[in-house]
Novice: 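Below is one structure. I have some questions about it.
Below, all heavy atoms of this structure are taken into account, side chains as well, without hydrogens, waters or symmetry copies. Numbers here are sequence positions counted from 1.
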Amino acid sequence: MDTSVFVNFKEKVIENVSKVIVGKSDVIELLIVSLISGGHVLLEDIPGVGKTMLVKSFSKTLGLPFKRIQFTPDLLPSDLTGINFYNQKINEFEYREGPLFANIVLADEINRATPRTQSSLLEAMEEKQITVDGETRKLNIPFMVLATQNPIESYGTFPLPEAQLDRFFMRISMGYPTREEEKQVIYKNTSSNIVDSLFKVVQEEELEYILENYSKVTITEDVLNYIMDIVESTRNDAKIQLGVSPRGTIALYKACQSYAAINGRDYIIPEDIKKMAPHVFNHRILVKGISRMEDGEKVIKDILGKINVPTEEI
């Protein structure tokens with residue numbers, strides 16, 4: 001396994017996306033980790049911070065087919081999956097693909113669609129396939145859903161249930177730019193023009209190598225036990241009503257493998273786990289009382305601060 005391929009991939013993607021999205025290299029890095037790990041991302045933030053531009057720039061940089069779906073209450077499952085329609089020219093039914101057959105799918109304001117439509121994403125996100133009229137079709141690989149939602153406004157929305165939140169690999173927030181970063185945004189051309197001018201910087205063979213080899217990153221018994229200590233703490237913490245599921249444990253392990261690889265290592269260290277856990281776990285726990293994304297991250301960070309870190313040299 002050549003880790004330099006992973007490092008070069010990360011640097012190229014961050015550099016290219018940063019031409020549009022200023023000062024968010026840490027967020028771009030998390031998108032890269034999720035893509036390599038085969039996961040989906042929930043971008044939860046207020047309007048106007050660049051969530052849609054981030055996703056468009058990311059897909060343009062990778063050179064992958066991209067579709068944007070604006071979620072509304074009248075959106076139907078067939079609007080996502082596609083339909084069988086009767087073609088009068090050939091006198092038989094023909095399948096028309098929906099937007100889920102792209103590699104990168106932006107589900108904009110996902111919580112504005114009804115639960116029925118939201119649930120139509122579950123099979124696609126988990127199994128990388130969809131079933132229409134009893135016929136199952138495989139989706140393109142890689143397949144990544146990047147969904148956005150506004151955590152402040154609740155009027156006319158349908159909150160995502162815990163089962164669907166758990167399907168997302170990470171939940172992240174972009175946050176406000178700093179004063180200097182926002183000045184840079186003002187001086188730039190309009191974001192749409194910059195996105196249109198972006199070029200693909202990743203070759204298909206390079207992406208294929210990365211997706212096939214990231215799982216070769218290893219972990220020692222002590223570091224794996226460190227992951228398990230964190231997971232078990234979420235299930236026993238007095239502040240947490242619902243702890244991390246086994247799916248969440250596997251997600252953290254995969255995230256650490258990808259993060260280690262793009263940072264030039266073929267083994268996981270405790271710092272990888274500390275970095276990834278708040279993003280992978282913040283939506284997989286149910287904090288008692290009224291909680292927000294920030295509350296979930298704080299609880300996870302508090303747990304990380306209490307658990308002994310393995311010090312054995314690798």
Novice: Would you say the side-chain atoms of R235 pair up with the backbone N or O of V244, donor to acceptor, closer than 3.5 Å?
Specialist: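 It does hold such a pair.
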Novice: For A147, does its backbone N or O pair with a side-chain atom of K51 as donor and acceptor, under 3.5 Å?
Specialist: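 Checking the backbone N and O of A147 against the side chain of K51, no donor-acceptor pair under 3.5 Å is found.
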Novice: Locate the shortest heavy-atom distance separating H283 from F169; write the atom from each residue and the value.
Specialist: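 Looks like CE1-O, 3.8 Å.
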Novice: Has K24 got more than 12 heavy atoms of other residues, nucleotides or ligands less than 6.0 Å from its NZ?
Specialist: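 Buried by this count: over 12 neighbours within 6.0 Å.
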Novice: Please check: side-chain N/O of T117 versus main-chain N/O of L75, any donor-acceptor pairing under 3.5 Å?
Specialist: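 Yes; at least one donor-acceptor contact below 3.5 Å.
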Novice: Could you measure the distance from the CG atom of D133 to the CZ atom of F93? Nearest 0.5 Å is fine.
Specialist: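 The CG atom of D133 sits 8.5 Å away from the CZ atom of F93.
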Novice: Step by step, work out the side chain to side chain contact (heavy atoms under 4.5 Å, CB included) result for M144 and I104.
Specialist: CA-CA 5 Å; M144 186 180 189; I104 306 288; 4.0 Å; yes
Novice: Would you find a donor on one side and an acceptor on the other, under 3.5 Å apart, between the side chain of N282 and the backbone of R171?
Specialist: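 The answer is yes, because a donor-acceptor pair under 3.5 Å joins these two groups.
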Novice: Other residues, nucleotides and ligands only: do more than 12 of their heavy atoms fall within 6.0 Å of CZ on F199?
Specialist: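 No, not enclosed.
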Novice: So, S4 and D2: side-chain donor and acceptor under 3.5 Å apart, yes or no?
Specialist: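 The answer is yes; a qualifying pair exists.
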Novice: Given side chains that start at C-beta, do those of I269 and D272 come closer than 4.5 Å, heavy atoms only?
Specialist: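 Yes, at least one pair of side-chain atoms sits under 4.5 Å.
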Novice: Quick one: does D166's side chain have a donor or acceptor within less than 3.5 Å of a partner on R284's backbone?
Specialist: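 Absent.
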Novice: Looking only at atom types and distance, does a side-chain atom of N87 sit under 3.5 Å from a main-chain N or O of E92, one as donor and one as acceptor?
Specialist: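 Checked: no pair found.
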Novice: Taking E180 first and then K183, would you say they form a salt bridge - that is, a charged N and a carboxylate O separated by under 4.0 Å?
Specialist: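 Between K183 and E180 there is a salt bridge, with a charged N closer than 4.0 Å to a carboxylate O.
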Novice: Please answer whether the main-chain N or O of T234 pairs with a side-chain N or O of D237 as donor and acceptor at a distance below 3.5 Å.
Specialist: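 Not a single qualifying donor-acceptor pair exists.
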Novice: More than 12 heavy atoms of other residues, nucleotides or ligands under 6.0 Å from NZ of K10: is that the case?
Specialist: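 More than 12 heavy atoms, drawn from other residues, nucleotides or ligands, come within 6.0 Å of this atom.
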Novice: For the pair K67 (side chain) and F101 (backbone), establish whether a donor and an acceptor sit closer than 3.5 Å, ignoring hydrogens and angles.
Specialist: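 The answer is no, because no donor-acceptor pair under 3.5 Å joins these two groups.
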Novice: Under 4.5 Å between any side-chain heavy atoms of V13 and F58, yes or no?
Specialist: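 When only atoms from C-beta onward are counted, F58 and V13 do touch, with a gap below 4.5 Å.
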Novice: Let me confirm one number: the CG-CG distance from N150 to N111, rounded to the nearest 0.5 Å.
Specialist: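 It comes to 7.5 Å.
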Novice: Hey, which of V27, I21, I32, T61 is the one that makes side chain to side chain contact (heavy atoms under 4.5 Å, CB included) with I14?
Specialist: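 Among V27, I21, I32, T61, the one that satisfies the side chain to side chain contact (heavy atoms under 4.5 Å, CB included) with I14 is I32.
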Novice: Salt-bridge test for K12 and E206: reply yes if a basic N is under 4.0 Å from a carboxylate O, no otherwise.
Specialist: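 So K12 pairs with E206 through a salt bridge.
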Novice: Ion pair present between E126 and R247, side-chain N to carboxylate O less than 4.0 angstrom?
Specialist: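 A salt bridge is present here (some side-chain N lies under 4.0 Å from a carboxylate O).
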Novice: Atom NE2 in H279, atom CG in L42: separation rounded to 0.5 Å?
Specialist: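 Spacing of NE2 (H279) from CG (L42) equals 14.0 Å.
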Novice: Would you give the length of the straight line joining atom CD1 of I250 to atom OG of S37, rounded to the nearest 0.5 angstrom?
Specialist: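 These two atoms lie 12.5 Å from each other.
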Novice: Can you tell me if E271 has over 12 outside heavy atoms packed within less than 6.0 Å of its CD?
Specialist: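 Count over threshold, so yes.
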Novice: Would you say that L64 contacts F66 through its side chain, given a criterion of any heavy-atom pair below 4.5 Å between the two side chains?
Specialist: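 Answer no - side chains too far apart.
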Novice: Would you call F281 and L252 a side-chain contact if the rule is heavy atoms closer than 4.5 Å?
Specialist: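 The answer is yes; the side chains approach within 4.5 Å.
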Novice: Got a donor-acceptor contact below 3.5 angstrom from the S119 side chain to the R116 backbone?
Specialist: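 Confirmed, S119 side chain pairs with R116 backbone.
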Novice: Do Y253 and Q257 get their side chains close enough for a donor-acceptor pair, meaning under 3.5 Å?
Specialist: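 Note: Y253 and Q257 side chains meet the donor-acceptor criterion.
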Novice: Would you indicate whether the side-chain heavy atoms of F143 and H40 approach each other to under 4.5 Å?
Specialist: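 Side-chain contact under 4.5 Å: yes.
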Novice: Any pair with a residue in residues 210-242 that passes ring pair (Phe, Tyr, Trp, His ring centres under 6.0 Å), sequence neighbours left out, goes on the list, sorted by first then second residue, please.
Specialist: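 As it turns out, there is no ring pair (Phe, Tyr, Trp, His ring centres under 6.0 Å) pair with a partner in residues 210-242 once direct neighbours are skipped.
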Novice: Would a distance-only check, ignoring hydrogens and angles, find a side-chain to backbone donor-acceptor pair under 3.5 Å from Q164 to Q118?
Specialist: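 Side chain of Q164 to backbone of Q118: a pair is present.
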Novice: Just verifying a value: how many Å separate L43 CG and L54 CG, rounded to the nearest 0.5 Å?
Specialist: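 Going from the CG atom of L43 to the CG atom of L54 covers 6.0 Å.
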Novice: Any chance you could measure L76, atom CG, to T114, atom OG1, to the nearest 0.5 Å?
Specialist: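 Rounded to the nearest 0.5 Å, the CG-OG1 separation comes to 7.5 Å.
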Novice: Between K306 and D302 (salt bridge meaning N to carboxylate O under 4.0 Å), is one present in this structure?
Specialist: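 Salt bridge flag = no for D302 with K306.
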Novice: Counting only heavy atoms not in Y176 (residues, nucleotides, ligands), do more than 12 fall under 6.0 Å from its OH?
Specialist: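 No, OH of Y176 has 12 or fewer neighbouring heavy atoms, counting only those of other groups under 6.0 Å.
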Novice: Taking side chain as C-beta onward, heavy atoms only, is V105 less than 4.5 Å from L121?
Specialist: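 V105 does not reach L121 side chain to side chain.
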Novice: Does some side-chain heavy atom of M170 sit less than 4.5 Å from a side-chain heavy atom of M276?
Specialist: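 Result yes, sub-4.5 Å side-chain heavy-atom pair found.
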Novice: Taking the side chain as every heavy atom from C-beta outward, state whether I262 and V7 have any atom pair closer than 4.5 Å.
Specialist: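 Result no, sub-4.5 Å side-chain heavy-atom pair not found.
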